[in-house]
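If you're wondering where the values come from, they're calculated on a predicted model, not measured in any experiment. Convention: sequence-line order gives letters A, B, ...; per-chain numbering from 1.
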Number of protein chains: 2
Amino acid sequence: MSGSKHSNKTIEIGESLKRKGLSVTDSRKKIMQLFMQQKGALSHSDIEKKAGTAFDRVTIYRTLQTFLDKGIIHAIPSADASVRYALCNDDCAPGHHEHQHIHFFCRQCHQTFCLDDIVTPSIGLPRGYQPQEVDVLVKGVCKNCTTAKKS
Amino acid sequence: MSGSKHSNKTIEIGESLKRKGLSVTDSRKKIMQLFMQQKGALSHSDIEKKAGTAFDRVTIYRTLQTFLDKGIIHAIPSADASVRYALCNDDCAPGHHEHQHIHFFCRQCHQTFCLDDIVTPSIGLPRGYQPQEVDVLVKGVCKNCTTAKKS
DNA sequence: TGGATTTTTGCAACTTTGTTGCTTTTTTAA
DNA sequence: TTAAAAAAGCAACAAAGTTGCAAAAATCCA
């Protein structure tokens with residue numbers, strides 16, 4: 001075990017924030033870290049719970065908006081009025097997200113995952129409709145929960 | 001023009017509510033009518049605006065929930081924290097929706113449409129993931145707005 | 001048809017979620 | 001180190017959604 005376990009990660013995170021043209025602050029580092037150590041997507045209230053009382057609610061809203069604007073995270077549609085966010089692994093530029101992957105919502109653990117390897121299909125539309133972006137949300141049971149059931 | 005223009009429709013709506021096992025009330029008739037005369041999907045606040053002060057906000061929430069439960073309407077996912085609803089044209093039973101169509105969100109008029117003829121594609125998932133439902137949301141410019149631009 | 005029973009509505013109060021303006025604090029860059 | 005710029009915190013508010021309960025309406029059946 002190294003004595004500089006966390007400072008290593010912190011430096012990485014700080015660097016990656018700078019590279020995106022953002023100033024490095026405690027809340028941004030913390031929220032970025034939460035996304036990185038999280039397998040699934042996070043909602044605003046997830047972050048609020050995980051971050052404890054460390055930050056003001058408003059700061060979290062503003063940080064999420066900033067991350068969205070800079071192409072660091074993307075919003076995942078849902079039908080239950082709670083928007084979730086996840087890190088962009090693709091090449092997202094400020095103001096323009098470029099995602100081809102699909103999202104999976106697990107009805108058992110209620111987590112949302114980006115399936116980065118599954119490419120969104122092309123959809124044939126009726127005459128007159130001009131597509132710009134395709135979001136696919138699959139609901140079912142995720143890998144973890146399927147495995148857990150068996151054992 | 002017939003003198004019984006609306007009573008005709010009202011009877012139809014009442015009948016269809018009864019067929020679903022629901023008692024017929026003013027708010028249910030009105031909200032059902034709004035969905036029927038609407039091309040796109042409706043959010044809670046859309047309904048609130050269209051219905052004016054006729055009904056309590058809570059009644060609208062409860063009516064939407066009832067319609068969802070009975071398979072009369074379905075919820076459409078979105079990434080902007082406002083859930084929209086549309087009539088089910090498919091064979092939806094209480095407690096079980098069966099939709100194969102995709103949804104189209106127009107970035108110009110901000111309406112959401114069900115494209116009933118476009119079937120959701122089958123998605124190949126990684127080993128372990130069990131799909132139960134697929135939602136496809138395409139964003140772009142709809143038929144109406146494309147046409148309107150040209151003229 | 002009339003009245004008892006069941007269901008739905010309206011109201012009030014409350015929780016959660018999201019927004020805005022302004023002041024103080026922190027970060028950045030010279 | 002310090003001035004300028006950016007972000008955080010705070011307060012106050014707006015919007016969205018929920019719950020319990022009493023009044024009103026719809027349904028059912030004699």
Side-chain angles (χ1 to χ4, degrees), chain A residues 10-11 13-34 41-70 72-73 75-85 94 110 112, chain B residues 10-11 13-34 41-70 72-73 75-85 94 110 112:
Chain A
T10 307
I11 288 168
I13 289 176
E15 278 307 309
S16 101
L17 285 171
K18 267 185 194 159
R19 239 175 281 129
K20 290 282 181 178
L22 294 176
S23 42
V24 180
T25 68
D26 287 350
S27 62
R28 285 176 183 171
K29 279 188 288 187
K30 179 66 182 173
I31 291 176
M32 184 75 118
Q33 199 186 54
L34 287 177
L42 293 171
S43 68
H44 176 274
S45 75
D46 290 336
I47 294 170
E48 217 173 324
K49 280 168 207 145
K50 282 175 192 286
T53 54
F55 310 108
D56 195 80
R57 261 161 28 80
V58 178
T59 300
I60 299 176
Y61 281 112
R62 289 197 267 229
T63 303
L64 288 173
Q65 190 55 55
T66 304
F67 282 8
L68 272 180
D69 292 344
K70 292 290 177 178
I72 295 171
I73 58 174
I76 301 173
S78 81
D80 71 340
S82 76
V83 182
R84 270 168 271 262
Y85 306 89
H110 291 100
T112 303
Chain B
T10 308
I11 289 169
I13 290 176
E15 277 307 309
S16 101
L17 285 170
K18 267 185 195 159
R19 239 175 280 130
K20 290 283 182 178
L22 292 176
S23 42
V24 180
T25 67
D26 287 351
S27 63
R28 285 176 184 171
K29 279 189 288 187
K30 179 65 181 174
I31 291 175
M32 184 75 118
Q33 198 185 54
L34 287 177
L42 293 171
S43 68
H44 176 273
S45 75
D46 290 337
I47 294 170
E48 216 173 325
K49 279 168 207 145
K50 282 176 192 285
T53 54
F55 310 107
D56 195 82
R57 260 161 29 80
V58 178
T59 300
I60 298 175
Y61 280 114
R62 290 198 269 228
T63 303
L64 288 173
Q65 190 55 55
T66 304
F67 282 8
L68 272 179
D69 291 345
K70 293 288 177 177
I72 296 172
I73 58 174
I76 302 172
S78 82
D80 70 341
S82 77
V83 183
R84 270 169 272 261
Y85 305 90
H110 292 100
T112 303

> For A:Thr59, enumerate each residue passing the side chain to side chain donor-acceptor pair (under 3.5 Å) test, keeping only those at least two apart in sequence or located in another chain.
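A:Thr59 satisfies side chain to side chain donor-acceptor pair (under 3.5 Å) with no residue once adjacent residues are dropped.
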
> Using atom CD1 of B:Ile60 as one end and atom P of C:dG10 as the other, report the distance to the nearest whole Å.
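My rounded result for the distance is 9 Å.
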
> Rounded to whole Å, please give me the gap between CZ in B:Arg57 and P in C:dT15.
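Between P of C:dT15 and CZ of B:Arg57: 15 Å.
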
> Kindly write out the residues that satisfy side chain to side chain donor-acceptor pair (under 3.5 Å) with A:Ser43, not counting sequence neighbours, or none if the list is empty.
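Partners of A:Ser43 under the side chain to side chain donor-acceptor pair (under 3.5 Å) test: A:Ser45, A:Asp46.
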
> Rounded to whole angstrom units, what separation is found between the CG atom of B:Asp56 and the C1' atom of D:dT18?
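These atoms are roughly 12 Å apart.
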
> Which of residues 44-55 of chain B sit near DNA chain D, with a heavy atom under 4.0 Å from it?
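Listed by number, there are none.
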
> In whole angstroms, how far is the C1' atom of C:dT7 from the NZ atom of B:Lys20?
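B:Lys20 atom NZ is separated from C:dT7 atom C1' by 20 Å.
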
> Set out, in order, the CA-CA distance, both residues' side-chain angles and the distance that settles side-chain contact (heavy atoms from CB on, under 4.5 Å) for B:Leu64 and B:Ile47, then state yes or no.
CA-CA 10 Å; B:Leu64 288 173; B:Ile47 294 170; 3.7 Å; yes

> Can you tell me the distance, in whole Å, between the CZ atom of A:Arg84 and the P atom of C:dT17?
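Atom-to-atom, A:Arg84 to C:dT17, this comes out as 11 Å.
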
> With the sugar-phosphate defined as primed atoms, P, OP1 and OP2, and the base as all remaining atoms, what B/S/- string results for nucleotides 22-30 of chain C, 5' to 3', for protein heavy atoms under 4.0 Å?
-----SS--

> Rounded to whole angstroms, how far apart are OH on A:Tyr61 and P on D:dG9?
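After rounding, the gap between these two atoms is 15 Å.
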
> How close do B:Thr63 and B:Ser27 get, counting heavy atoms only, and between which atoms?
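Between these two residues, the closest heavy atoms are OG1-OG, 4.0 Å.
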
> Pairs of donor and acceptor atoms involving the side chains of residues 48-57 of chain B, under 3.5 Å and at least two apart or interchain, shall be tabulated with distances.
residue: B:Glu48; atom: OE1; partner: B:His44; partner atom: ND1; Å: 3.3
residue: B:Asp56; atom: OD2; partner: B:Val58; partner atom: N; Å: 2.9

> With B:Thr112, which residues qualify under side chain to side chain donor-acceptor pair (under 3.5 Å), at least two apart?
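With neighbours one apart ignored, the set is B:Arg84.
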
> At what angle, to 10 degrees, do the two end axes of the helix from C:dT1-D:dA30 to C:dA30-D:dT1 meet, given five pairs define each axis?
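End axes: 40° apart.
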
> Whole Å only: how far is the CD atom of A:Gln65 from the P atom of C:dG18?
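The answer, rounded to whole Å, is 11 Å.
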
> Please list, chain by chain and in numerical order, all residues satisfying side chain to side chain donor-acceptor pair (under 3.5 Å) with A:Asp69, sequence neighbours excluded.
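For A:Asp69, the residues satisfying side chain to side chain donor-acceptor pair (under 3.5 Å) (neighbours in sequence not counted) are A:Gln65.
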
> With heavy-atom distances below 4.5 Å as the criterion, would you say the side chains of A:Ile72 and A:Leu22 are in contact?
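Of all side-chain heavy-atom pairs linking A:Leu22 with A:Ile72, at least one is under 4.5 Å.
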
> Under 4.0 Å, counting only non-hydrogen atoms across every strand here, what does A:Thr66 touch: a base, just sugar-phosphate, or nothing?
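Here A:Thr66 touches no strand at all.
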
> B:Ser23: what forms a side-chain contact (heavy atoms from CB on, under 4.5 Å) with it, not counting sequence neighbours?
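By the side-chain contact (heavy atoms from CB on, under 4.5 Å) rule, B:Ser23 matches B:Arg28.
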
> Compare every heavy atom of B:Val83 with every heavy atom of B:Ile76, then report the nearest pair and how far apart it is.
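That would be O-CG1, 4.1 Å.
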
> Is any side-chain heavy atom of A:Gln33 closer than 4.5 Å to one of A:Lys30?
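Result yes, sub-4.5 Å side-chain heavy-atom pair found.
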
> Hey, which sits more toward the 5' end of DNA chain C by its nearest nucleotide, B:Arg28 or B:Val58?
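The residue mapped nearer the 5' terminus is B:Arg28.
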
> Starting at atom CG of B:Leu68, determine the distance to atom C1' of D:dG17, rounded to an integer number of angstrom.
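It works out to 14 Å between those atoms.
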
